[in-house]
Structure formats: structure tokens, C-alpha cells
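Numbers restart at 1 for each chain; the letters A, B, ... are given by sequence-line order, proteins then strands.
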Amino acid sequence: MARLSSTSGLGRLGPALLLMAPAVVMVGLLFVYPLLVSLAFAFRNESTGAWDLANFQKAFSLYGNDIALTAGVTVLATALVGVLAIAIAGYLTLGENPRAVFVLRWLYRWPLFIPFVVAAQLMRTFLAKNGMLNNALMSLGVVDPLHAISLLDWRGVVITFVWKQLPFAALLISGAMASMDRSMIESARGLGAGRFRILLEIVVPQVMSTVFVALILSFVTMLSALSVPMMIVAGSPTLLTVDMAWRVNSYGDYGVANALGFVSFAMSGVAAWFYLRQGLREGGKPR
Amino acid sequence: MKNMHRSLAISIAIALGAHGGLAQAQTTLNVISGGSQNMVDYITDYLGPLFEKQNPGVKVSVVGTGPDDAGSQKMLEKLQAQKSAGVAAWDTDVVIPNQQKTGEMVQDGLLMKYRDSIPTGKYAVSQSAKQALGVNVDGYVMPMFESQTAIAYNPDLVKNPPGSYDEMRAFVAKNPKAFGYNGLKNGMSGVAFVVGWMYAYGGNPEAVQQGPYDAKNSAGWKKAFADLKAFNQQVVFTPGNAGTLDMLNRGEIAMGPVWVDMFQSWKAEGRLAPNLRLKILSPGMPGQPYYYAIPAKAKNVDLAKKFIALATSPEVQAEGIVKRFNWYPGIDANVVKPALDPKVWNSLFVDITPADLAKNGKPFPLAPYFKDLREQYEAQVQN
């Protein structure tokens with residue numbers, strides 16, 4: 001019986017490979033091959049024709065601050081997305097006022113449908129020194145006009161990222177929470193536990209793997225966004241994507257751009273490592 | 001119901017008519033434009049239809065690749081790819097690149113020497129028609145327009161605007177955060193301000209503008225960049241050319257470098273407060289042309305020449321370039337002037353007189369200096 005099934009398994013493999021081939025070839029040609037070439041050419045010194053670390057030296061000396069800022073901004077934004085997404089999903093799961101839950105459920109998804117570039121433009125008018133936010137605060141008398149500050153720097157980027165990625169993470173996490181067995185929540189509630197305690201001690205531990213996946217995917221998405229830092233950060237330091245575009249567009253210098261790409265790839269590689277490790281722990285199936 | 005039938009019949013008739021028109025247009029003239037959206041609009045709304053009317057059966061198709069070096073770099077890479085692939089007839093008939101990339105295109109043999117074979121070639125008299133940042137482009141290009149940077153200011157906030165870089169430094173020291181510019185990476189008006197700064201304080205401005213290239217000429221840059229770094233502590237950074245105008249308009253800054261044409265167009269459209277004014281700092285702020293050029297192996301060479309001849313005729317320069325877009329003409333201003341209403345002509349020179357322009361309108365540096373200057377700014381001012 002076992003032998004029979006293994007031969008038929010082999011027989012099934014042929015058509016399966018055939019069906020997969022177009023997708024594999026496309027991914028290989030259009031994604032893996034260019035990726036490998038660009039990673040390799042980060043080590044290519046165009047002026048001497050040798051393979052060395054000159055591109056990395058230049059990248060770190062010119063854009064060291066930007067590398068640090070990129071890491072800082074994406075980690076901070078990811079952390080904020082995590083906290084806020086758990087809060088929203090938690091209220092959707094445990095909230096007792098059906099009307100508030102309904103309104104929240106209806107509202108929180110909106111930014112999901114707005115592209116990054118539009119979000120950046122919104123924030124540009126919202127966060128400017130004389131923008132909507134400050135004007136509203138001024139008319140409420142919270143801020144006086146002379147001390148209004150523009151948030152159009154790294155803070156603006158964090159705000160935009162969090163606003164844009166929050167619904168994605170909240171959607172995943174609230175989905176996981178909704179599919180949980182509610183009996184534990186009910187019994188904890190019966191024993192008199194508060195909602196906050198139930199959320200932190202019962203609900204979140206059970207959906208931790210989903211939280212993890214949502215945050216890693218958000219991290220990688222934010223790391224690769226170009227329009228947001230380009231439109232929001234004026235001057236420097238700025239994020240790596242802007243520097244990459246600048247090297248290519250202004251100097252035609254693919255070497256340093258590739259080196260910066262390598263750095264950014266290494267950052268997302270760390271996230272990918274966590275992602276795969278999480279998947280393996282759950283039985284070899286990254287979700 | 002009857003109405004519906006009628007509207008259906010009409011829309012079918014329109015569709016057929018449009019189809020008939022398409023079938024007639026057998027040749028497509030492919031134009032790639034650098035510059036901001038306004039340059040693409042110029043061809044879509046004005047120049048293209050005019051050319052199609054004069055040349056039945058031709059359709060002008062224009063694609064915009066975006067402003068500054070980035071947009072022109074895309075054109076360069078497209079032409080280069082077709083050259084290295086050995087394509088016999090390239091898919092682009094006319095390119096409109098900026099100054100720096102035009103020089104590179106000529107050096108790489110991507111452009112055709114065509115100017116002497118078109119009737120308007122003799123009107124290309126400016127220095128920039130011959131030299132593009134130190135590269136000899138004589139014969140390869142016709143300037144589309146000349147653009148100039150200047151300081152825009154709000155006269156309600158600044159009674160005596162600074163007239164020179166020295167006065168600007170004094171002003172900024174006294175009024176921190178009143179001046180804003182877009183640095184180096186966010187648009188050319190910021191780059192122009194930095195270049196003007198280097199002309200004022202970096203030493204050897206003539207060599208940097210005219211060449212020849214010698215790394216020794218940049219000996220004085222370190223001090224100038226250090227001063228600029230200190231200056232930058234007192235200013236506001238704006239997100240782009242349009243960002244400077246936005247912030248000026250919202251009253252967040254009182255002064256900032258802008259492109260003159262963008263400033264005038266926004267003012268004409270009512271997007272800027274009408275009281276804002278312009279001034280060029282001495283010893284000078286740079287400007288740059290955009291060029292019309294023909295790729296070396298363009299498919300429709302004769303049509304491309306005809307198109308450029310139309311675009312650089314005195315009438316089109318007067319109506320399209322000066323009147324509609326507030327640019328300075330790309331060809332000899334003396335042949336454009338008779339075609340223009342004196343009122344329009346004068347409005348072009350209200351804040352910035354022809355004398356100002358002659359004295360303080362400067363070119364960008366030679367390409368190798370320009371590259372050094374930007375990299376050193378990144379290393380010494382931004383870090």
C-alpha cells in the first residue's frame with residue numbers, strides 16, 4: 001500500500017511541476033534573478049572593476065544616519081502598530097457597547113483602501129505648521145500660533161506609517177481573536193476579571209503568532225515605502241528608499257544604490273528570519 | 001425610449017467618428033518630456049494639437065518622465081538600452097531632457113546633430129544652445145525655454161529683501177526660520193540656491209561655470225560648506241519646489257528660492273497670494289534650459305525636425321512659452337518680442353529686469369564640478 005502510494009505520488013509530481021513551471025520561471029526571471037544581481041553588484045567597484053566594499057563604505061559614510069533613522073522609524077512604527085492594533089481588535093472582541101463596536105468596526109478599515117502616496121499627501125496638509133492639525137488646536141486654544149511646530153519630519157513618517165498599517169494589522173488580529181474559543185473569556189469574566197486583564201492575560205497570548213505575522217509584514221511594507229518619506233521628510237536625515245532613488249536618479253550610481261538596497265534587504269531579512277522561525281515552531285507552515 | 005435610441009445612435013456615431021480619425025492617423029510622433037507636469041501639459045494641450053492640425057495624419061503622443069535629473073535619466077537609459085540592443089529604429093522621435101543629461105546623451109552618441117537643417121536653427125543664439133554644463137552640444141539641441149531661479153518673498157513680512165548672499169546671511173541670522181529651501185534632494189530650486197552659495201563663497205566661480213575641470217578649483221569649498229551648514233541651522237527645509245511655494249503661501253516662511261516660471265504660473269492661476277514678489281541674489285543664481293533633441297536613430301526624423309521647428313518658431317515661443325507658461329524664450333528674445341503683446345512682455349520682467357537677468361542669471365556648474373558639489377554637500381553639510 002505504501003509503495004503504491006509513493007509511485008503514484010511520483011506520477012503526480014510531473015503534471016504538478018508542469019503546472020508550477022510558469023509561475024516559478026516568472027518569479028525566477030523577474031524577481032529572484034534581478035535581486036541576486038543587484039545584491040552581487042553592491043560589491044562591484046565600477047571605477048576599478050574590482051569586487052570590494054567601496055560602495056558600502058560610501059553608503060555608510062554618506063547615509064549612516066539615514067540607515068539608523070530607517071531602522072528606528074520602522075521599528076517604532078511597528079511597535080505602535082502592534083499596541084494600537086491589539087487595542088482595536090481587543091475592543092472589537094471584548095467591547096460591551098454594541099453601537100461603539102459597530103462604529104469602530106466600520107471606521108477602522110478606511111486607511112486600508114488609501115494608497116501610501118495619497119496618505120502622504122493627506123498628512124502633508126494635515127501635519128504642516130499651518131496645517132489642519134495645528135489650525136484645529138489653535139482654534140481650540142491648545143496651541144498658540146507662535147509655538148506651533150511642523151510635524152513634517154521623521155515624526156510625520158511614523159504617524160503616516162502607523163495610520164496606514166494599523167487597519168491591516170487590526171484586521172488580521174481581530175480575525176484571529178474572533179475565531180478564538182470564547183469559553184475561556186466567559187469563564188474569566190465570570191470570575192470577575194476586568195476586560196483589560198482578560199485582553200492581556202487570556203486573549204493576546206492566544207493570538208500572539210498572528211500578531212507577530214501582522215507586525216512582520218507591516219515592518220517589511222514600511223521599510224520599502226518610498227512615497228511617504230519622499231513627500232513628508234524635507235531635508236535630512238531621511239529614509240533609505242529616498243537615498244536609493246537619489247543615487248540612481250541624480251548620479252546614475254547603481255553601485256551605492258545596490259549597497260543601500262543590500263542594507264535594507266538585511267533589515268527585512270531579520271524580520272523574515274523571525275517569520276520563518278515562527279512558522280517552523282507551528283509545524284513547518286509559515287502563514 | 002426614443003431618447004435612449006437617439007443617444008445610442010449618437011454615441012455610436014461618435015465612436016465611429018473617433019475610430020475613423022484614428023484610422024486616418026497613420027504616423028505617431030513619439031515625444032518624451034522631462035520636467036514637471038506643466039511641460040507635458042504644454043504638449044498635450046497646446047503644441048501637439050497645433051502640430052496635428054498642420055500635419056493631417058500625424059498623431060503626437062507624449063509621455064512625461066518627471067522633473068530634474070530623475071526624469072531625464074530615464075530617457076537616457078531608454079535610449080542607451082535601444083542602442084546596446086542594436087535596435088535599428090528607436091521608438092522615440094523627440095526627447096526633451098534637462099541640461100545635465102543632455103550633455104551625457106551627446107557624449108554617449110545618443111543624439112542626432114540636426115539643428116542646422118531646420119529653419120529656426122539660426123535663432124538659437126544663447127550660450128546654453130552651445131554648451132550644456134561644459135559639454136559641447138552645438139548643433140544637437142534647440143532650447144525649449146530658459147528658466148531661472150530667484151528668491152520669492154512676502155513683502156508684508158520682509159520690507160527690504162536681501163539682494164545678495166551676504167545680506168541673506170545677515171537676514172537669516174536676525175530672523176531664524178523665516179527663510180526656507182528644499183535642500184539638495186528635493187528639487188532643483190534648492191540645488192540652485194546651494195550652487196549660488198558656492199559661486200558666492202567657494203572661489204573660482206568662472207572656472208566652475210566655464211571649465212576646464214580641475215579638482216584644485218574646489219579648494220575653497222570646505223569653508224563655504226561649513227558656513228552653509230551653520231546657515232542651515234537657521235532655516236526651514238521645505239518638501240520640494242512646490243513645497244516652498246506652499247509654505248510661502250501659508251505664511252510658514254517669508255522667503256525661499258523658487259523657479260520663476262512656476263512662481264508666475266501659480267500666481268496667474270490664483271494659487272499664490274498676489275502680493276508675493278521675486279528677487280535674484282547677487283552674485284548670481286542659476287537657471288537652466290530644457291532642450292528639444294532628436295535621438296540618433298529616431299524613426300520619424302523629418303517629422304521630428306518639423307515638430308521642433310514649429311516649437312521654436314517665434315510665434316509659438318511667444319504664445320506658448322512666454323504667454324502661457326511665463327518661461328523666458330529659448331530662442332533669440334529679439335525675434336520673439338514683435339510677436340508678443342507689450343503688456344505680456346513687460347509682465348515677464350516686472351520683478352526681475354533684463355539687466356538683472358543679464359548680470360545675475362548664471363548657468364549651473366560644469367557636470368563634473370556639479371557632481372562633486374552635490375556629493376560634498378551630502379558629506380559635509382547633511383551629515
Side-chain angles (χ1 to χ4, degrees), chain A residues 57-69 120-121 123-125 127-132 134-135 138 145-154 156-157 226-254 256-257, chain B residues 34 65-74 76-77 80 98 100-101 104-105 108 177 180-188 190-191 229 232-233 235-244 246-253 256 367-368 370-383:
Chain A
Q57 272 161 6
K58 200 167 195 175
F60 278 98
S61 73
L62 287 179
Y63 307 113
N65 290 337
D66 294 356
I67 291 171
L69 184 80
Q121 178 58 20
M123 290 296 172
R124 235 165 97 131
T125 47
L127 300 173
K129 189 179 168 199
N130 290 359
M132 227 172 100
N134 278 336
N135 282 345
M138 279 174 212
L146 277 180
H147 294 100
I149 46 164
S150 159
L151 293 175
L152 293 180
D153 48 22
W154 64 270
V157 176
L226 170 66
S227 50
V228 173
M230 203 163 223
M231 291 171 74
I232 286 184
V233 183
S236 77
T238 183
L239 301 198
L240 279 187
T241 43
V242 177
D243 295 326
M244 280 184 242
W246 165 255
R247 289 312 298 188
V248 170
N249 290 332
S250 283
Y251 302 116
D253 175 5
Y254 286 88
V256 173
Chain B
T65 52
D68 306 334
D69 287 343
S72 302
Q73 170 76 16
K74 283 182 204 134
L76 187 144
E77 287 178 8
Q80 233 160 17
N98 76 353
Q100 160 131 10
K101 299 295 168 183
E104 292 178 26
M105 286 182 199
D108 291 358
K177 308 286 173 194
Y181 82 106
N182 45 349
L184 197 74
K185 287 186 192 170
N186 283 315
M188 287 300 275
V191 178
K229 188 169 187 170
N232 275 354
Q233 306 308 313
V235 311
V236 175
F237 280 96
T238 68
N241 298 325
T244 306
D246 272 339
M247 291 181 81
L248 201 62
N249 206 31
R250 287 198 297 255
E252 292 171 22
I253 52 174
F370 199 20
K371 184 171 186 251
D372 291 353
L373 190 149
R374 287 190 287 183
E375 279 211 323
Q376 289 187 30
Y377 180 97
E378 285 195 80
Q380 293 171 33
V381 180
Q382 269 182 356
N383 261 340

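- Here the side chains of B:Asp69 and A:Tyr251 are not in contact, with every heavy-atom distance at 4.5 Å or above.
- Heavy atoms closer than 4.5 Å to chain B are found nowhere in A:Ala148, neither backbone nor side chain.
- The shortest heavy-atom contact between A:Met231 and B:Pro239 is O-CB, 3.8 Å.
- If you measure heavy-atom distances from B:Lys101 to chain A, the contacts under 4.5 Å come from the side chain alone.
- Taking all atoms of both residues into account, the shortest heavy-atom contact from B:Glu252 to A:Asn130 is OE2-N, 2.8 Å.
- Atom-to-atom distance recorded for B:Gln382:CD and A:Thr238:OG1 is 9.0 Å, nearest 0.5 angstrom.
- To the nearest 0.5 Å, the span separating CE on B:Met247 from OG on A:Ser150 amounts to 6.0 Å.
- Scanning all heavy atoms of the two residues, the minimum distance from A:Gly252 to B:Gln73 falls at CA-NE2, 3.8 Å.
- Interface with chain B: from residues 62-69 of chain A, residues A:Leu62, A:Tyr63, A:Asn65, A:Asp66 qualify, criterion being any non-hydrogen pair under 4.5 Å.
- For B:Val235, the side-chain contact (heavy atoms from CB on, under 4.5 Å) partners are B:Val172, B:Phe179, B:Tyr181, B:Phe231, B:Asn232, B:Phe237, not counting sequence neighbours.
- For A:Ser61, the part lying near chain B is the backbone, with the side chain staying farther off; criterion is any non-hydrogen pair under 4.5 Å.
- Here B:Ala70 is the residue among B:Gly183, B:Gly251, B:Ala379, B:Ala70 with the most heavy-atom pairs under 4.5 Å with chain A.
- Residues A:Lys58 and B:Glu375 are in side-chain contact: their nearest non-hydrogen atoms beyond the backbone lie under 4.5 Å apart.
- With a threshold of 4.5 angstrom between heavy atoms, B:Leu76 does not approach chain A through any atom at all.
- Looking at B:Asn186, only its side chain comes within 4.5 Å of chain A, counting heavy atoms on both sides.
- Note on B:Arg250, B:Lys185, B:Glu104: by heavy-atom pairs under 4.5 Å with chain A, the leading option is B:Lys185.
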